[in-house]
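By convention in this document, chain letters (A, B, ...) are assigned in the order of the sequence lines, proteins followed by strands, and residues within each chain are numbered from 1.
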Amino acid sequence: MISNGCRFRASFVYAFFLLSFGLLYTRLVTLQVFRHEDLLRRGLDLHRLNLKIDPRRGRILDCRGRPFAMSERVPSLYAVPEKIGDPAAVARALRPYVPLPDEELLDRLRRRKKFVWLARKLDADAAAKIERLGLEGIGFREETRRVYPQGGLLAHVIGFTDVDNKGLEGIELSADEHLRGQAGWMASHRDRKGREIMTLRRQEVPPIDGYDVVLTVDSVIQHIAESELEEACARHNAIAGCLIVMEPGTGAVLALANWPSYDPNEPARSPQDHRRNRCVTDVYEPGSTFKIVTVGVALDEGAVTLADTVFCENGAFRVGRHTLHDVHAYGTLTTAEVVQKSSNIGAVKIAMKLGERRLHGGIERFGFGAPTGIGLPGEVSGMLHPPHRWSGLSIAAVPMGHEVGVTPIQMAAAAAAIANGGLAMRPYIVREILDASGGAVRTFLPQPRGRVMSEAAAAALVSAMERVASREGTAARAALEEYTVAGKTGTSQKIDPGGRYSRSRFIGSFLGFAPARDPSILVLAVLDEPRPAYYGGVVAAPVFKAVAARTLKYLGVPPDRQPADATALRRAAASGG
Amino acid sequence: MQCRTLLFLTVVVLLSIGVVMIYSTSAVFAQESFNDSYYFLKRQAAWIAIGLAGFALAVNTDYHSLRERSLPLLLASIVLLALVFVPGIGRAAGGASRWIRLGTFSLQPSEMAKFTLVLYLADAMARKQRRIDRFWKGLAPPLALALVVLGLIIAQPDLGTTVLIASVAVIMLFVAGARLRLLVPLALAAVPAVYALVFSSAYRRRRIIAFLNPWADPEGTGFQIIQSFIALGSGGIAGLGLAQSRQKFYYLPAAHTDFIFSIIGEELGVIGSAAIVTLFLVLLICGMRICRNAIDVYGQLLALGIVSLIGLQTIINIAVVTGAVPTKGLPLPFISFGGSSMVFNLFAVGVLMNVGRHMDTDTAAHYLERHAGRTMRV
């Protein structure tokens, strides 16, 4: 055996080992017990990952549940530049999938930031290919993309969102608070590459998805409206057009069309001019359609009756230094005939019986000079001067729809009040807000705005308007075979930049409803600068006819009129039987 | 309980903990790199199987039969150590040539050299007990061989293993009875050598600086040690729970090899980490008892060398991960991932148990009788 001296040396080594182990324990207790809090906090700073979870934006549906706008989950590509070793190589690899200029892509990859977006809302296909590249320092985050499955249909009403799903236009903007939902969040951990460690997810508050917004619009009727409007605009070389289909009894908008249009899936591809919802943002001088307001007020105030006659000066009537003309020279016309033939002189003379103040008050009651409150962004009030600012000539201009500026929706709403027996309904386009399970969060009921004229006066005016769509009226082309029609044409000169009425730029419009005595629908068609034909009865009345005929058939409204030959047949059958 | 039984159980428990923790620390990385979360676990299991076979062989082989093989084995190790520098045979990784390619596996000759040098020194020192006081005839030849081994390992470069082997050699020479008059100048001579080595290489210099103040450069040189602190510190008393480590998600480099102990501390807390230190302490105590009671000087020195090798490596590894000494690349015996280390450590423990087998049975007396002429002076 080894010597005692060496045994001592072995013990010395043993003691050294034991002492070292003692030091290890001390070190462990120091780090794990005494410095626990501090080091745990430092660790959390590294690992903590609090993620915001985007809610799914609600859908926008038509009155039968067909989606105009919906959201789908898609991957978005981001980079963590500080984790990228060779930005040039990564840029080369990503080039085919990232819609950025090469320099911009490289610049983003070189930024001294912890997070940069490279491509938002990619196709799942491209994302899978990028994933397979196995690049360091890039990753995906799921986002929701807004899609408009019906393309440009109802685009001006629906609007669109920005890349962060915030509503920018239309219903997307006005109903944003209902659509956007509430973001959820998640407390989790991340690995050193910044990815979430799924197994260490601690807490999750799920997002509340946005509510669905149900419109009063029917996409079938909307389609009818848009296709007929586009065709008419093309045929008459108009620069723009508006078409509104409303339910007079409720104020519900069944279709609201503008031309030119755009695709909300790619709003940036169209000029801003195409994205405007002219029906609520644009003001025009309504021209003769406005005579129904003038006559309506006069009938209601008792200033005239339907059978009262007015001398129409054989086509030329001097007011101050201005001479008023009719398209055709008329002698004596009844009030009904003034509407039927659209006599300017007749309308002005009826208005003169009313007086400025009563006329202005009546026009205001019809809702002009104030937004209708339909709830679409950008709606304007139009232009209606108070009587004290009227010139001496105003009484000869306002009754025939000059010196007033109206929006198509105001005009449609005013006419709807007449169709509805004098009771004005506030036009509305959002019918319901539904939660994710389809339960109604809010329901919007038809809202009476007030009575604009007595029922009797309204009935009288309707009977006059029925004569418009006849062989003797201004809009024979608006007549429907199976339904009675009440309507009014309008043709107005646009104002040139110099402030004078243009001799070449016109607005031709027609408004009408059917069946006349119990209307299911009201249609207003406005064509901007049609040429060479520009009379409302020529350019707009056929649009009304096509839209009304197709819509009434689609809605299954029972006909209230027999086609001429059918009547004859039935009569023959009755006598024979 | 018998010392050897306790020793064996301790090693088995350490191996079991190792297997579980290898999986816990490597599964994510393995899944991502090799598309197989069991990649490292399977390999480690294979190495443990090979190691246990070596262990069984060693336990049942009279350790004296190693005596005449110790020099050839050491020379073989030196050849293998030289081969790591030969292109096509050696495999370099992370700036160091430490491996020899063997198909899909790699052999780390320094692990073999560690063990064979201990075998050789035990034999040489036991043989030269009488001449140990004389430098040229006693100390010089084994010292020269040891220096060759150390020189080859430092050239890889692997300072950690060099320091470990040098320390074990010094311990063995010291306990074998080498005069302090000879040992102390030798140790003093090593100081400027180590100093020069450390400050000649930029990364070692950075490690020293990082050790002194890791928070000075938390994203750079101090990164690994800070991540190790965070892992251990997050564990607290009871730990975050098995498999709940966050630091293993790429924050802590070498989480399944040299720094596995940090993750154990993170998942199992101070209770788990102290328990592992205690297991190694039990191993040390058992080993030292076997050393003390060995029937001959060779057995004593062999046991001492093996215990020092495993004990010192454990101490250095845990001291590194707890920031008590500068970072060295040394695995934790029986626990860290690594084949060569596992096989030679298990073989060494087998030899240790065989040394212990002779002390308490008739075999000892029988042996002494047979080899009476060759026993050392007592």
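- Put simply, of L200(A), D191(A), L40(A), the one with the most heavy-atom pairs under 4.5 Å next to chain B is D191(A).
- Remark: Y211(A) OH is loosely packed, at most 12 non-hydrogen atoms of other residues, nucleotides or ligands lying under 6.0 Å away.
- Close approach to chain B, defined as a heavy atom under 4.5 Å from one of its heavy atoms, is seen in no residue of residues 131-141 of chain A.
- Ranked by heavy-atom pairs under 4.5 Å with chain B, the list E37(A), R35(A), R42(A) is led by R42(A).
- Between H47(A) and Y251(B), the distance from one ring center to the other falls under 6.0 angstrom.
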Task: Stepwise side chain to side chain contact (heavy atoms under 4.5 Å, CB included) test for T278(B) and F21(A) - done: CA-CA 8 Å; T278(B) 305; F21(A) 271 82; over 6 Å; no

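- Put simply, CD on Q244(B) and NE2 on H189(A) are 9.5 Å apart, with the number rounded to the nearest 0.5 Å.
- If you take NZ on K248(B) and CD1 on I197(A), they are separated by 9.0 Å, rounding to the nearest 0.5 Å.
- Without hydrogens or angle criteria, R9(A) side chain to A178(B) main chain gives a donor-acceptor distance under 3.5 Å.
- Within the 4.5 angstrom heavy-atom criterion, no atom of F34(A) approaches chain B.
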Using distance only, find each side-chain donor-acceptor pair of residues 225-233 of chain B under 3.5 Å and give its atom names and separation, not counting sequence neighbours.
| unit_1 | atom_1 | unit_2 | atom_2 | d |
| --- | --- | --- | --- | --- |
| Q227(B) | OE1 | Q247(B) | NE2 | 2.8 |
| S228(B) | OG | S262(B) | OG | 2.7 |
| S228(B) | OG | V321(B) | O | 2.7 |

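- For R41(A), no part lies under 4.5 angstrom from a heavy atom of chain B.
- Remark: F16(A) CZ is loosely packed, at most 12 non-hydrogen atoms of other residues, nucleotides or ligands lying under 6.0 Å away.
- The parts of L46(A) that come within reach of chain B are both its backbone and its side chain, each placing non-hydrogen atoms under 4.5 angstrom from that chain.
- Both the backbone and the side chain of L31(A) have a heavy atom closer than 4.5 Å to some heavy atom of chain B.
- Ranked by heavy-atom pairs shorter than 4.5 Å toward chain A, the options L312(B), I237(B), L304(B) are led by L312(B).
- Both the backbone and the side chain of L28(A) come within less than 4.5 Å of a heavy atom in chain B.
- Here S234(B) contributes atom OG and Q32(A) contributes atom CD; the two are 9.5 Å apart, rounded to the nearest 0.5 Å.
- Between the CG atom in L23(A) and the CD1 atom in I318(B) there is a gap of 12.5 Å [rounded to 0.5 Å].
- Using a 4.5 Å cut-off between heavy atoms, I316(B) does not touch chain A at all.
- Applying the 6.0 Å contact sphere to CZ of F12(A) captures no more than 12 heavy atoms from other residues, nucleotides or ligands.
- No more than 12 heavy atoms of other residues, nucleotides or ligands shown are found within 6.0 angstrom of CD on Q182(A).
- Between R292(B) and S11(A) the shortest heavy-atom distance is NH2-OG, 4.1 Å.
- Options V28(B), L284(B), I171(B) differ in how many heavy-atom pairs under 4.5 Å they form with chain A, and the most are formed by L284(B).
- No other option in G311(B), G299(B), A274(B) has as many heavy-atom pairs under 4.5 Å with chain A as A274(B).
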